[in-house]
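Side chains are part of it too, since the values below use all heavy atoms of this structure and drop only hydrogens, waters and symmetry mates. Fair warning: this is a prediction, and the values are worked out from it, not measured in the lab. Just so it is clear: chains get the letters A, B, ... in the order the sequence lines come, proteins before strands, and each one is counted from 1.
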Number of protein chains: 2
Amino acid sequence: MNIGDVSARSGLPVKTIRYYEDIGLISPLRDTNGYRSFREREAHMLSFLGRARALGFTIEDCRTLLALYNDETRASADVKMVAREHLDRIEAKMADLKAMHDTLSHLVRACAGDDRPDCPILEDLGRTAPN
Amino acid sequence: MNIGDVSARSGLPVKTIRYYEDIGLISPLRDTNGYRSFREREAHMLSFLGRARALGFTIEDCRTLLALYNDETRASADVKMVAREHLDRIEAKMADLKAMHDTLSHLVRACAGDDRPDCPILEDLGRTAPN
DNA sequence: ATGTGGCCTCCAGTTACTGGAGGGTCAAGG
DNA sequence: CCTTGACCCTCCAGTAACTGGAGGCCACAT
């Protein structure tokens, strides 16, 4: 399979696949013409990567997960730990976003949004921090 | 005021303040010894920036908001639009995170997390995409 | 004089790609 | 046989918003 084929199958852009090779996530063979030659194994790994990335795992997490995936003697506890830590990061980020959202939606609602300059949003941003 | 003073007042790291000068958000004067010399105006702008960044606005948004803040003839509608668009981005990101969270927390719960290799997390990641 | 801390500039690295330039390769149509 | 268009290749640079570090000046207290 050429890179275009695995791109279509995995949903990953061609550029991204080349990048994944650069950073050592996959190691496809090369044809005599220099084209990357993907086996089923790599096509499968790319789908794995695409799904893991879609769940928000970092590239380093993906590297770890891929190693565990290929290790028949893994302990599921190791996988679970990686996932759990990622879940914690997601939850932290959701909490951050929720706080921003609450503040901001409140301010947006309070702003008239007309042609006058008075604006509670700017007032809030410009108010001296409470020390 | 030296950079350390405005850093303490705004809560922004010294490095960040220098960076903000680099990209033209602030333009402090210089003392004869080369030190940046901040006036109240800049200290205030830095607090503004800190708050806007804490609400997740991008630097470019901050640039726009700062310009509006300094423009007595602004229309609050312009401010509101910037904020509303940012709120939309936040909501989109929250939805993305929630989807990740739902999938991942389900998988984490399903994983035994013991010393055996069987793992629903890896099974999910490794399953061929449904085409 | 010396030590400590604050300040300076410039360079490089971070994350995970993405775009583009410049240039080979392959299969089909004329 | 040649050309055309779709692929493929490498290498370089840029993105967002900083952050860390090297190397070195400046100010003030001892």
So what does [X] touch, heavy atoms closer than 4.0 Å: a base, only the sugar-phosphate, or nothing?
X	answer
B/F57	nothing
B/R36	sugar-phosphate
A/I3	sugar-phosphate
A/R53	sugar-phosphate

#### Entry: Hydrophobic cluster identity match, B/L25 and B/L55, side-chain contacts under 4.5 Å
yes
### Message
With clusters defined by side-chain heavy atoms of hydrophobic residues (ILVMFWY) lying less than 4.5 Å apart, directly or transitively, does A/V6 cluster with A/Y35?
### Response
no
### Task
Salt-bridge test for A/D124 and A/R127: reply yes if a basic N is under 4.0 Å from a carboxylate O, no otherwise.
yes
### NZ/NE/NH1/NH2 to OD/OE distance under 4.0 Å, B/E42 and B/R9
no
### Task
Report the residue (B/S37 or A/Y19) whose heavy-atom-nearest nucleotide on DNA chain C is the more 5′ of the two.
B/S37
Whole-Å distance separating the [atom1] atom of [X] from the [atom2] atom of [N]:
X	N	atom1	atom2	value
B/D5	C/dG6	CG	P	11 Å
A/D31	C/dC26	CG	P	9 Å
A/I17	C/dA16	CD1	C1'	15 Å
A/R89	C/dT15	CZ	C1'	13 Å

### Task
Give me the first and last nucleotide of DNA chain D, going 5' to 3', that has any atom under 4.0 Å from a heavy atom of chain B.
D/dA17 to D/dA27
### Query
Hey, does the side chain of A/Y35 come within less than 4.0 Å of C/dC26's phosphate (OP1/OP2), counting only N and O?
no
### Task
Check whether any side-chain nitrogen or oxygen of A/R63 sits under 4.0 Å from OP1 or OP2 of C/dT15, and answer yes or no.
no
### Message
Around atom CZ of B/R39, are there more than 12 heavy atoms from other residues, nucleotides or ligands closer than 6.0 Å?
### Response
yes
#### Entry: Over 12 non-hydrogen atoms of neighbours within 6.0 angstrom of CZ in B/R89
yes
### Message
If you assign B/T58 and B/K15 each to the DNA chain D nucleotide with the nearest heavy atom, which residue ends up on the more 5' nucleotide?
### Response
B/T58
### Message
Can you list everything that forms a side-chain contact (heavy atoms from CB on, under 4.5 Å) with A/M94? Sequence neighbours excluded, please.
### Response
A/I90, B/L97, B/K98, B/H101
